[in-house]
> 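Before I ask anything, here is the structure I am working with.
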Amino acid sequence: MPELPEVETIADGLRLGGQGFPSLLGLTILQAYLLWERTLAAPSPAEFLERIKGQEIEGIGRRGKFLLFQLSQDSLLVHLRMSGDMRLEPSAAPIQPHDRLLLDLEGSLRLAFNDTRKFGRVWLTSSPQDVTGDLGPEPLDPAFTAQMLHERLSSRHRTIKPLLLDQSFLAGLGNIYTDEALFLSKLHPNTPSDNLTLLQAENLLANIRQVLQEGIHHHGASIDWVYRGGDFQNYFRVYGRKGLPCPVCGMPIERILVGQRGTHFCPNCQKGAKL
DNA sequence: ACGAGCGCCTGTCGGC
DNA sequence: TGCCGACAGGCGCTCG
């Protein structure tokens, strides 16, 4: 799925406007069209369509990989999962293949949720914490310190990569940014989490923040058939680069499976915990 | 507590 | 060319 930087980029775009489109802030949702029922996690389709009508968009943000729309009465939460995307367009524009939810807005605008693989989910709720309550800390939150990360890593006995992907441990990292952060940290993806020293945890947190900030700076990555305008895919150091030279030592990047996920790393720079 | 396996979906790519 | 398996930015579930 889009990870933290991609979701942040989408939220920023909708909040700030641009590309000839206004900010969505202050606009009222006139009508919703649900084109694929399972996209809606809650409430029922009938209640959703009725309840969202007439609500104004008062805020747009992100928590972990969730897009958050603060409406006048409820919160609208969107999780893009693997292939979800949001489009803003004139309301007369043609509906696209794989459009799952359309929101007609004031000003002849339409916000469309498009999701090829149908894994994405949408919630309309008055208590968003019921949806996001299990999420771990935000990695970019200055209040989250390396000491806290080290404590959390040490209190578990987990393989580092799947733990970083666990959204209840840390919110927002996905497969790309995890591989990139572990590479910069010179940590093998199979390293046990409680093996890290405080110094290594400090380094890891700094590198997690570095790759996330780079991703945000490049407006996210556009890969496979989902193009959102970002170009961070051109700056990957290891992700998707199997067989290509490590940018640090030149050794070919390897791809292995860790926790069922394709994992890219440099066997020379990221030693330690072999398996 | 942890990890493996699988389901949910559609599409692309590489090998034969 | 066509088919077929592997794989894809995620996550929830069951099971051992």
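The basis for the numbers below is simple: all heavy atoms, side chains too, and nothing from hydrogens, waters or symmetry mates.
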> If I take atom CE in residue A/M82 and atom P in nucleotide C/dG12, what distance separates them, rounded to the nearest angstrom?
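It works out to 14 Å between those atoms.
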
> Over how many whole Å does the gap from A/D134 atom CG to C/dG12 atom P extend?
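Those two atoms, CG and P, are 8 Å apart.
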
> Using atom CG of A/D166 as one end and atom P of C/dC13 as the other, report the distance to the nearest whole Å.
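So the two atoms are 14 Å apart, to the nearest Å.
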
> Once you round it to whole Å, what is the distance between P of C/dG12 and CG of A/L165?
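These atoms are roughly 13 Å apart.
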
> Does any N or O in the side chain of A/S23 come within less than 3.5 Å of the main-chain N or O of A/L16, such that one atom is a donor and the other an acceptor?
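Not confirmed, A/S23 side chain does not pair with A/L16 backbone.
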
> Hey, does the side chain of A/T159 come within less than 4.0 Å of B/dC2's phosphate (OP1/OP2), counting only N and O?
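It does not, given that no N or O in the side chain of A/T159 lies less than 4.0 Å from OP1 or OP2 of B/dC2.
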
> Taking OP1 and OP2 of B/dC2, is either one under 4.0 Å from a side-chain nitrogen or oxygen of A/H157?
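No, outside the criterion.
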
> Please give, in whole Å, the distance from B/dA1 P to A/F169 CZ?
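It is 15 Å, rounded to the nearest whole Å.
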
> When rounded to the nearest Å, what value does the distance between P atoms of B/dC9 and C/dC4 take?
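Each nucleotide's P atom is 23 Å from the other's.
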
> Compute whether any side-chain donor of one residue and acceptor of the other, for A/D12 and A/T9, lie under 3.5 angstrom apart.
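Judged by distance alone, the side chains do not pair up.
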
> Please determine whether ring-ring contact (aromatic ring centres under 6.0 Å, His included) holds for the pair A/F232 and A/Y177, giving the CA-CA distance in whole Å, both sets of side-chain angles, and the decisive distance to 0.1 Å.
CA-CA 11 Å; A/F232 188 55; A/Y177 292 89; 5.5 Å; yes

> Please state how far atom OH in A/Y239 lies from atom C1' in C/dG10, giving the value in whole angstrom units.
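It is 12 Å, rounded to the nearest whole Å.
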
> Report which part of the nucleic acid A/S193 touches: base, sugar-phosphate, or nothing (heavy-atom distance under 4.0 Å, all strands).
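Answer is nothing: A/S193 stays at 4.0 Å or more from every strand.
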
> Which whole-number value in Å describes the distance from A/K242 NZ to C/dA6 C1'?
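Rounded to the whole Å, the gap is 11 Å.
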
> State which of C/dC11, B/dC2, C/dG10 makes the closest approach to the side chain of A/R158.
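Between C/dC11, B/dC2, C/dG10, the one nearest the side chain of A/R158 would be B/dC2.
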
> Out of B/dG3, C/dA8, C/dG10, which nucleotide sits closest to the side chain of A/K65?
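Given the options B/dG3, C/dA8, C/dG10, the side chain of A/K65 is closest to C/dG10.
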
> Mind checking the P distance from B/dC6 to C/dG5? Whole angstroms is fine.
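The same atom, P, in both gives a distance of 15 Å.
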
> With a 4.0 Å limit, can you tell me whether A/Q167 has a side-chain N or O closer than that to the phosphate oxygens OP1/OP2 of C/dG10?
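No, A/Q167 has no side-chain N/O under 4.0 Å of OP1/OP2 on C/dG10.
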
> For a quick test of reading the model: is some side-chain N or O of A/R255 closer than 4.0 Å to OP1 or OP2 of C/dA8?
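Checking A/R255 against C/dA8: at least one side-chain N or O falls below 4.0 Å of OP1 or OP2.
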
> Is A/I29 close to A/L105 at the side-chain level, that is, under 4.5 Å between some pair of heavy atoms?
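The answer is yes, as the side chains (C-beta and beyond) meet within the 4.5 Å cut-off.
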
> Is a donor from one side chain sitting under 3.5 angstrom from an acceptor on the other, for A/E214 and A/Q210?
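Side-chain D/A pair, A/E214 to A/Q210: present.
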
> In the 5'-to-3' direction, what one-character label does each nucleotide of nucleotides 4-10 of chain B receive under the scheme B = base within less than 4.0 Å of a protein heavy atom, S = sugar-phosphate only, - = no such atom?
SB--BBB

> Return yes if a side-chain donor-acceptor contact under 3.5 Å exists between A/D74 and A/S126, otherwise no.
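A/S126 and A/D74 do not have a side-chain donor-acceptor pair below 3.5 Å.
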
> Kindly indicate whether the side chain of A/T263, heavy atoms from C-beta on, has any atom under 4.5 Å from the side chain of A/L257.
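No. Closest side-chain heavy atoms not under 4.5 Å.
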
> Restricting to non-hydrogen atoms, name the atom on A/L88 and the atom on A/P22 that form the minimum distance, rounded to 0.1 Å.
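Result for this residue pair: CD2-O, 4.1 Å.
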
> May I ask you to check whether A/D104 and A/S91 show a side-chain donor-acceptor distance below 3.5 Å?
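There is no such pair (donor and acceptor under 3.5 Å, judged by atom type) between the side chains of A/D104 and A/S91.
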
> Taking atom types as modelled, is there a side-chain donor on A/E56 or A/T28 under 3.5 Å from an acceptor on the other?
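Checked: A/E56/A/T28 side chains show no N/O donor-acceptor pair below 3.5 Å.
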
> Please give the stem ranges for DNA chain C, sorted by first residue number, where a stem is three or more consecutive Watson-Crick or G-U pairs and both donor-acceptor distances are under 3.5 Å.
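Counting only runs of 3 or more consecutive pairs, the stems involving DNA chain C are B:2-8 with C:10-16, B:10-16 with C:2-8.
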
> Rounded to the nearest angstrom, tell me the gap between atom CG in A/L173 and atom P in C/dC11.
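Answer to the nearest Å: 11 Å.
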
> Taking the P atom in each of C/dT1 and B/dT10, what is the distance between them to the nearest angstrom?
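Straight-line distance between the two P atoms is 26 Å.
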
